[in-house]
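The structure appears right after this line, and notes come after that.
Note on naming: letters A, B, ... go to the chains in the order of the sequence lines (proteins, then strands), and numbering restarts at 1 for each one. All values below were derived from every heavy atom in this structure, side-chain atoms included, with hydrogens, water molecules and symmetry-related copies excluded. Not measured: the values here are computed from a predicted model.
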Amino acid sequence: MLDLRLIRSDPDAVREGLARRGDVDPGAVDALLALDAERRGATEAAETLRARQKEDARAIAAAQNAGEDAGAAIAAARELATEVKLRTAQAADADRRLLASLALLPNIPDPTAAPADEVIREVGEVPVLDFSPQDHLALAGARVDMERGARLSGSRFAYLRGDLVFLELALVQWTLRKLERHGFEPVVPPVLVREEALYGTGFLPDTEQQIYHLPADELYLAGTSEVALASLHAGEILAAATLPRRYAGFSPCFRREAGTAGRDTRGIFRVHQFDKVEMFSFVHPDESAAEHERLLAIEEEILTELRIPYRVVNIGVDDLGASAAKKYDCEAWLPGQGQYRELTSTSNTTDFQARRLNVRFREATGRPAVVHTLNGTAVAVGRTLIALTENGQRADGSVVLPEVLAAHGAPRRLEPLD
RNA sequence: GGAGGGGUGGCAGAGCGGCUGAAUGCGCCAGUCUUGAAAACUGGAGUGGGUUCACGCCCACCGCGGGUUCGAAUCCCGCCCCCUCCGCCA
């Protein structure tokens, strides 16, 4: 959610910022200003009446205590009460409409967010193979069981079996240990969340078609632990000295993938359920740009140590999503597909989520202010397994895995299955 | 799933429907005292909104949302959460 005070004090800046995104009605800011003026007028009218009502009520009490007859005063107060109720309802309604409109506006892009997707750098050696590369599904064989997954739950579900399970657990353990050294507290969060959490993170209203909903319990399956981690400090005022607060969430993630029928149907690149280690930071507003670079650096560190060739993309403003002011994707080279594909993503959501979730901080003196939040993928397990198998493959169909994971229980090689 | 109890400021804990944004204690901040500290004493201290050049003034908030009333922390209804007992359960 945008800062209403900013919209009021510098509407041109907000208009220009939002105009960079293709998805905002140019008249939205002016409509909002009109609603704001209406709300303030209605509020003042209601509060003036209310002040008089309280005054009158005190006079009635005083009269009764003095043994006087307050009948006439009460009769007058009764009429005033009706008026107060009406005006208060009008003010509340104006307030609701203002908030509803405000909640529809996406975040203002950072000036350094790219106009269109822009590759910043390519890192690592794209393997030159003297044989025709196989994709992860061929390499994994029965260890990725799509047929039975589909039989159980439908398309885009898979069983992960055998060695790959230890590979996943090693990957997760290795990542969480690394993040702990970087100052992130490991967290296993709930994945079933209330609507407020999705609203607070900006996924609602924006991506409802992507989210599993359990109407019987009014709960949603989170598509990322970002949702739960962002809500960790909802409604809190944090001491400035305790910032930044960094969390590493590990959880399954659920996505409906509605509207992607026919896309990425082979293997586990795009599935309804996958596990992910997610970084999330609450920081001082002055620090969020630096924190964003920091999260990107950690993502790159992980890819580099896993010897996955990748490139970094500064995501164009049109693809930012509602809450992000700026976003980097790391795209891994996948020999099986012969192209770079998104493996991780990190966003600076500035104060957009924090304002919705009411996460604030306070210096030793002074008023509370809204924090900035950022998120970034440390390891999306499924896609990382794809990158590891396809980049580690040998001519005989075996896969050599990164040595760093062996210490955490990962197999050093995956042997071909028949 | 069944039966009961409870949600008040950082914490603990009062609060006959009428100056109660809220007693009291602890904790916190500042000051006095002290060489310094402790103790003692004095004072201060919530969040949001509106208005004002400003001092200030006004409104809302006692889990959340409605209702009753001239007037609600206090009465009524719904929801959420926590606790105890029984049942069930990884």
| said: OP1 or OP2 of B:C59 versus the side-chain N and O atoms of A:Lys54: is any pair under 4.0 Å? | reply: yes
| query | Does A:Arg5 put a side-chain nitrogen or oxygen below 4.0 Å from OP1 or OP2 of B:G50? | reply | yes
| Complement of B:U20, any strand, by Watson-Crick or G-U distances under 3.5 angstrom | none
| query | Which part of the nucleic acid, if any, lies within contact of A:Arg194, taking any heavy atom under 4.0 Å across all strands shown: a base, the sugar-phosphate backbone alone, or nothing? | reply | sugar-phosphate
| request: State the pairing partner of B:C57; accept Watson-Crick or G-U wobble contacts with both distances under 3.5 Å, and report none otherwise. | output: B:G50
| request: For residues A:Leu401 and A:Arg412, determine if any side-chain heavy atom of one lies less than 4.5 Å from a side-chain heavy atom of the other. | output: no
| request: Give A:Arg355 one of three labels, base, sugar-phosphate or nothing, depending on what nucleic acid heavy atoms sit under 4.0 Å from its own. | output: nothing
| Is the distance between the ring centroids of A:Tyr328 and A:His292 under 6.0 Å? | yes
| task | Using the C1' atom on both, measure B:C70 against B:G65 and round to a whole Å. | result | 24 Å
| task | Between A:Arg8 and A:Ile237, just flag the one whose closest nucleotide in RNA chain B comes earlier from the 5' side. | result | A:Ile237
| query | Taking side chain as C-beta onward, heavy atoms only, is A:Arg245 less than 4.5 Å from A:Val371? | reply | no
| Under 3.5 Å on both distances, the Watson-Crick or G-U partner of B:C64 | B:G78
| Going by distance alone, is a donor N or O of one side chain under 3.5 Å from an acceptor N or O of the other, for A:Ser251 and A:Lys276? | no
Enumerate the protein-to-nucleotides 53-56 of chain B contacts in which both atoms are nitrogen or oxygen and the separation is below 3.5 Å.
none

| message | Angle between ring planes, A:Phe282 versus A:His233, binned at 30° and 60°: parallel, tilted or perpendicular? | response | perpendicular
| task | Rounded to whole angstrom, note down the P distance from B:G49 over to B:U32. | result | 36 Å
| task | Apply side-chain contact (heavy atoms from CB on, under 4.5 Å) to the pair A:His136 and A:Arg143, showing each step before the final yes or no. | result | CA-CA 10 Å; A:His136 71 282; A:Arg143 285 169 289 216; over 6 Å; no
| note | Scanning all shown strands, the Watson-Crick or wobble mate of B:U34 with both distances under 3.5 Å is none
| request: Enter the distance from A:Ile302:CD1 to A:Leu343:CG here, rounded to the nearest 0.5 Å. | output: 10.5 Å
| said: Counting C-beta onward and ignoring hydrogens, is there a side-chain heavy-atom pair between A:Pro106 and A:Val24 closer than 4.5 Å? | reply: yes
| query | Taking only side-chain nitrogens and oxygens of A:Arg39, does any of them come within less than 4.0 Å of OP1 or OP2 of B:G49? | reply | no
| task | To the nearest Å, give me how far apart CG (A:Leu4) and C1' (B:G50) are. | result | 13 Å
| query | Roughly how many Å is it from CD in A:Glu47 to C1' in B:G48, rounded to a whole number? | reply | 11 Å
| query | Is it the case that more than 12 heavy atoms not belonging to A:Glu79 sit under 6.0 Å from its CD atom? | reply | no
| said: Using whole Å, what does the distance between atom P of nucleotide B:G18 and atom CD of A:Glu55 come to? | reply: 20 Å
| note | From CD of A:Glu363 across to P of B:C29 the rounded distance in Å is 17 Å
| Nucleotide B:G63, atom C1' - distance to CD of A:Glu196 in whole Å | 13 Å
| Going by heavy atoms in the side chains, are A:Glu331 and A:Arg341 under 4.5 Å from each other? | no
| note | To the nearest angstrom, the CG-C1' distance between A:Leu219 and B:C79 comes to 15 Å
| B:C28 - base-pair partner by Watson-Crick or wobble geometry, distances under 3.5 Å | B:G44
| note | A:Arg362 CZ to B:G48 C1', in whole Å, measures 13 Å
| note | The single option from A:Leu334, A:Asn391, A:Ile308, A:Val381 that satisfies side chain to side chain contact (heavy atoms under 4.5 Å, CB included) with A:Ile386 is A:Leu334
| query | Applying a 3.5 Å limit to both distances, which nucleotide forms a Watson-Crick or G-U wobble pair with B:U84? | reply | B:A3
| request: Using the P atoms only, state how far B:C41 lies from B:G25, rounded to an integer number of Å. | output: 10 Å
| said: Once you apply a heavy-atom cut-off of 4.0 Å, does A:Arg367 come out as touching a base, just sugar-phosphate, or nothing? | reply: sugar-phosphate
| task | Rounded to whole angstrom, note down the P distance from B:C16 over to B:U74. | result | 12 Å
| request: For residues A:Phe254 and A:His272, establish whether the separation of their ring centroids is below 6.0 Å. | output: no
| request: Could you tell me which nucleotide pairs with B:A39 by Watson-Crick or G-U wobble geometry, both distances under 3.5 Å, or answer none if nothing does? | output: none
| task | Could you give the distance separating B:G15 and B:A72 at their C1' atoms, to the nearest angstrom? | result | 13 Å
| query | Can you tell me how far P in B:C29 sits from the matching atom in B:A45, rounded to whole Å? | reply | 16 Å
| task | Please state the C1' separation for the pair B:C75 and B:G18 - nearest whole angstrom. | result | 15 Å
| request: Going 5' to 3' through nucleotides 65-72 of chain B, assign each nucleotide B (protein heavy atom under 4.0 Å from a base atom), S (under 4.0 Å only from sugar-phosphate atoms) or - (no protein heavy atom that close). | output: ---S-BSS
| query | Between A:Arg40 (CZ) and B:G50 (P), how many Å, whole number? | reply | 7 Å
| task | Determine the Euclidean distance between corresponding C1' atoms of B:G4 and B:G87; express it in Å to zero decimal places. | result | 15 Å
